[in-house]
Amino acid sequence: MKFSEMPYERPDAEQLKADLSRLTEELKNADTFERAKEVFLRYETLYRHIDTLYSLAYVRNTIDTRDAFYDGEVKYWNRAFPELQEYMQAWNQAMLDSRYRPDFTREWGNVPFLNAEIALKTFSPEIIPELQEENDLTQEYEKLLASAAIPFEGGVYTLAQLGPYKRDPDDARRLAAWKAEGQWYKDHQDALDSIYDRLVHLRDQMGKKLGYEGYTTLGYYRMGRNCYTKEDVEKFRAAVRKYLVPVADSIYREQATRLGKSYPMSFADNALMFRSGNPKPAKDADGIVAHARVFYDELSPETSEFFRTMTENQLMDLLSTEGKAGGGYCTRLPDYEVPFIFANFNGTKDDVETMTHEAGHAFADWLNRKRIPSDTVTPGMEGCEVHSMSMEFLAWNWAEGFFGDDTRKFRYSHLADALTFIPYGTMVDHFQHIVYEQPDLTPAERHKVWHDLSEVYMPWAKLDGEIPFYSEGEGWQRQHHIYSSPFYYIDYCLAQTVALEIWAKMQKDPHDAWETYMAYTMQGGSRVFTELLENAGLISPFDETCLKTVCETAHTWLANYDLTGIV
């Protein structure tokens with residue numbers, strides 16, 4: 001079924017509560033495992049339907065945030081979901097207490113029970129009002145960014161549409177675009193500060209109501225972290241500072257030499273990889289999708305069937321348009337056993353990277369779409385990001401069809417960007433830990449925290465006031481995850497480290513790299529993150545030797561890569 005044909009009707013929240021309660025009681029009263037399993041499968045059907053309806057409303061709202069109907073539907077879900085959680089948590093408790101738990105575990109493993117135990121630690125009816133307000137504030141932030149109308153060179157642009165100008169080879173034009181973007185954020189500084197301040201205090205209050213020190217412990221539980229701790233993340237951040245920041249620093253020093261710039265460079269100059277311009281796709285959006293079909297047809301029978309399903313059923317919305325929410329994502333439509341890809345193509349290399357990244361998520365979801373229980377379709381977010389970031393690298397052998405004459409530029413800049421991203425992403429995580437440890441920081445104090453961390457994690461960025469929004473430590477406000485998904489961002493860094501392992505395998509044997517990717521991906525969420533890696537023969541990013549090795553391998557590759565004729 002095509003996405004546009006999928007029906008949406010607001011469900012009756014009270015009826016859903018009654019249905020969930022009835023199923024919970026039936027599970028408690030089941031007199032055989034066969035009966036308990038039958039009840040469980042009916043719960044799965046209801047849960048998948050709820051998830052599908054919410055996803056339809058959310059996707060259609062983000063495609064056009066001005067659409068009054070779906071704006072209202074998302075507001076409805078903002079209120080309904082926290083109330084439904086009480087009934088879903090009662091179900092989780094009944095599963096944990098079930099006399100048939102050993103039977104369920106033998107059939108589906110222990111991960112669903114481990115996740116249920118964690119989920120119970122994230123909720124109490126007492127925090128429903130805070131959850132509802134948190135949803136509203138996140139939607140307010142998304143709508144604010146989607147409303148951006150930035151004047152530039154006689155035109156008016158959204159944040160995504162301004163992207164190509166922020167990478168323009170002309171120094172003056174590029175700097176002007178960065179300043180125009182920064183000024184829009186500056187003009188909305190009070191609203192951005194206010195939304196985040198309210199979110200931080202709401203989350204801190206939720207954590208304390210649930211008996212935690214504040215939000216951090218609750219935040220880790222909400223992210224579903226089931227195999228590593230805050231201390232493990234701190235060790236990873238230390239390894240990033242030790243091994244990766246120096247490598248990223250050397251990449252930017254070489255870039256400054258190519259551009260004829262003094263080091264450290266401005267944010268605008270850091271955005272230009274080559275004096276002749278950053279790599280650009282050789283095709284428009286339709287051409288990118290057409291070549292992606294070639295890529296997936298040739299990669300494997302599974303990817304071919306997957307991508308043809310996506311295109312034939314119009315399960316992608318890719319162009320940047322007025323009123324569209326920013327960024328890109330992949331979500332599931334469980335009733336139809338298909339994913340959906342959302343993006344904001346703007347004519348930069350990001351279009352190809354976003355296409356392959358979100359398709360990595362979508363393929364993993366599609367490959368595991370029939371798994372029972374639903375929460376074993378995908379692993380935690382760090383595990384999911386391995387699917388997407390690795391898929392970006394797996395597309396390298398088809399890069400010429402995407403980039404034409406810019407293929408060499410693309411491969412160099414893609415790997416360089418992967419390495420330089422990790423310090424930034426780790427800084428996002430470090431920033432959030434400080435913020436939630438000190439929730440009463442003023443907006444100005446939060447900006448100073450970001451500014452100070454920038455000097456540690458991004459020494460290549462000149463903080464001289466040329467672009468005040470960035471140099472004054474406010475650039476974190478453009479990072480959607482900080483507002484909407486606290487503590488998510490380190491997942492990208494962990495996953496990028498693993499994706500670099502797969503990239504390294506590609507340099508020796510592309511078939512072996514693909515087999516490793518499939519061995520990892522076919523497990524869905526049936527194991528915790530570290531076990532998924534071990535089963536696929538991959539090293540955990542929490543092992544310091546992992547980051548050390550991929551840094552050395554990638555740095556050597558970049559140093560020896562042939563850039564002859566490219567300036």
Quick one: are the ring centres of [X] and [Y] less than 6.0 Å apart?
| X | Y | result |
| --- | --- | --- |
| Tyr424 | Tyr457 | no |
| Tyr196 | Trp476 | yes |
| Tyr520 | Phe529 | no |
| Tyr220 | His433 | yes |
| Trp178 | Tyr470 | yes |
| Trp557 | Trp396 | yes |
| Phe487 | Tyr436 | yes |

Side-chain ([X]) to main-chain ([Y]) donor-acceptor, under 3.5 angstrom:
| X | Y | answer |
| --- | --- | --- |
| Asn226 | Val528 | no |
| Asn278 | Ala271 | yes |
| Asn61 | Ala57 | no |
| Glu501 | Ile539 | yes |
| Arg173 | Asp168 | no |
| Gln161 | Thr158 | yes |
| Asn346 | Ala160 | yes |
| Arg222 | Ser485 | no |
| Gln523 | Ala519 | yes |
| Glu382 | Leu494 | no |

Scan side-chain atoms only and decide if [X] and [Y] contain a donor-acceptor pair under the 3.5 Å cut-off.
| X | Y | value |
| --- | --- | --- |
| Ser300 | Thr303 | yes |
| Gln255 | Asn270 | no |
| Ser484 | His480 | yes |
| Lys166 | Thr348 | no |
| Thr65 | Tyr70 | no |
| Thr229 | Asp232 | yes |
| Ser388 | Glu385 | yes |

Apply the test side-chain contact (heavy atoms from CB on, under 4.5 Å) to residues Thr138 and Leu199: give CA-CA distance (whole Å), side-chain angles for both, the deciding distance (0.1 Å), then the verdict.
-> CA-CA 8 Å; Thr138 299; Leu199 281 168; 4.3 Å; yes

Might you point out which heavy atoms bring [X] and [Y] nearest each other, and give the distance in Å?
| X | Y | answer |
| --- | --- | --- |
| Ile63 | Thr321 | O-OG1, 4.3 Å |
| Leu159 | Ala148 | CG-CB, 3.8 Å |
| Phe152 | Ala176 | CE1-C, 3.6 Å |
| Lys261 | Asp171 | NZ-OD2, 2.9 Å |
| Met518 | Phe363 | SD-CE2, 3.8 Å |

With Arg60 as the cation and Phe3 as the aromatic partner, state whether NZ or CZ is under 6.0 Å from the six-membered ring centre and within 45° of the axis.
-> yes

Taking atom [atom1] of [X] and atom [atom2] of [Y], what is their separation to the nearest 0.5 Å?
| X | Y | atom1 | atom2 | value |
| --- | --- | --- | --- | --- |
| Leu145 | Lys324 | CG | NZ | 15.0 Å |
| Asp365 | Arg332 | CG | CZ | 5.5 Å |
| Tyr263 | Arg253 | OH | CZ | 4.5 Å |
| Glu337 | Asn368 | CD | CG | 12.0 Å |
| Glu534 | Ser540 | CD | OG | 10.0 Å |
| Met6 | Asn313 | CE | CG | 6.5 Å |

Between Lys548 and Glu552, is a salt bridge (Lys or Arg N to Asp or Glu O under 4.0 Å) present by the stated rule, with each step listed?
-> CA-CA 6 Å; Lys548 181 177 184 291; Glu552 290 172 349; 2.9 Å; yes

I want to check something: taking the side chain as every heavy atom from C-beta on, are [X] and [Y] in contact at a cut-off of under 4.5 Å?
| X | Y | value |
| --- | --- | --- |
| Tyr329 | Thr62 | yes |
| Glu474 | Tyr185 | no |
| Glu400 | Asp405 | no |

Show the numbers, then the answer: is there a side chain to side chain donor-acceptor pair (under 3.5 Å) between Ser276 and Lys409?
-> CA-CA 10 Å; Ser276 56; Lys409 276 188 183 181; 2.9 Å; yes

Mind checking whether [X] and [Y] have parallel, tilted or perpendicular rings, split at 30° and 60°?
| X | Y | answer |
| --- | --- | --- |
| Phe421 | Tyr492 | perpendicular |
| Trp503 | Phe393 | tilted |
| Tyr252 | Trp460 | parallel |
| His387 | Tyr517 | perpendicular |

Test: [X] and [Y] ion pair at under 4.0 Å:
| X | Y | answer |
| --- | --- | --- |
| Lys349 | Glu353 | yes |
| Asp335 | Arg48 | no |
| Asp351 | Lys280 | no |
| Arg225 | Asp491 | yes |
| Asp269 | Lys462 | no |

Under the side-chain contact (heavy atoms from CB on, under 4.5 Å) criterion, do Leu272 and Arg167 qualify, and how do the steps go?
-> CA-CA 6 Å; Leu272 184 67; Arg167 298 170 177 85; 5.6 Å; no

Please determine which of Lys235, Lys242, Arg241 meets the salt bridge (charged side-chain N to carboxylate O under 4.0 Å, His left out) test together with Glu544.
-> Lys242

Please report the C-alpha distance between Phe306 and Leu367 in whole Å, then the side-chain angles of each, then the deciding distance to 0.1 Å, and finally whether the side-chain contact (heavy atoms from CB on, under 4.5 Å) criterion is met.
-> CA-CA 8 Å; Phe306 147 73; Leu367 193 65; over 6 Å; no

Side chain to side chain donor-acceptor pair (under 3.5 Å) assessment of Glu298 paired with Trp398 = CA-CA 9 Å; Glu298 295 179 357; Trp398 287 265; 2.6 Å; yes

Please lay out, stage by stage, how Cys551 and Tyr243 fare under the test side-chain contact (heavy atoms from CB on, under 4.5 Å).
-> CA-CA 7 Å; Cys551 281; Tyr243 297 112; 4.2 Å; yes

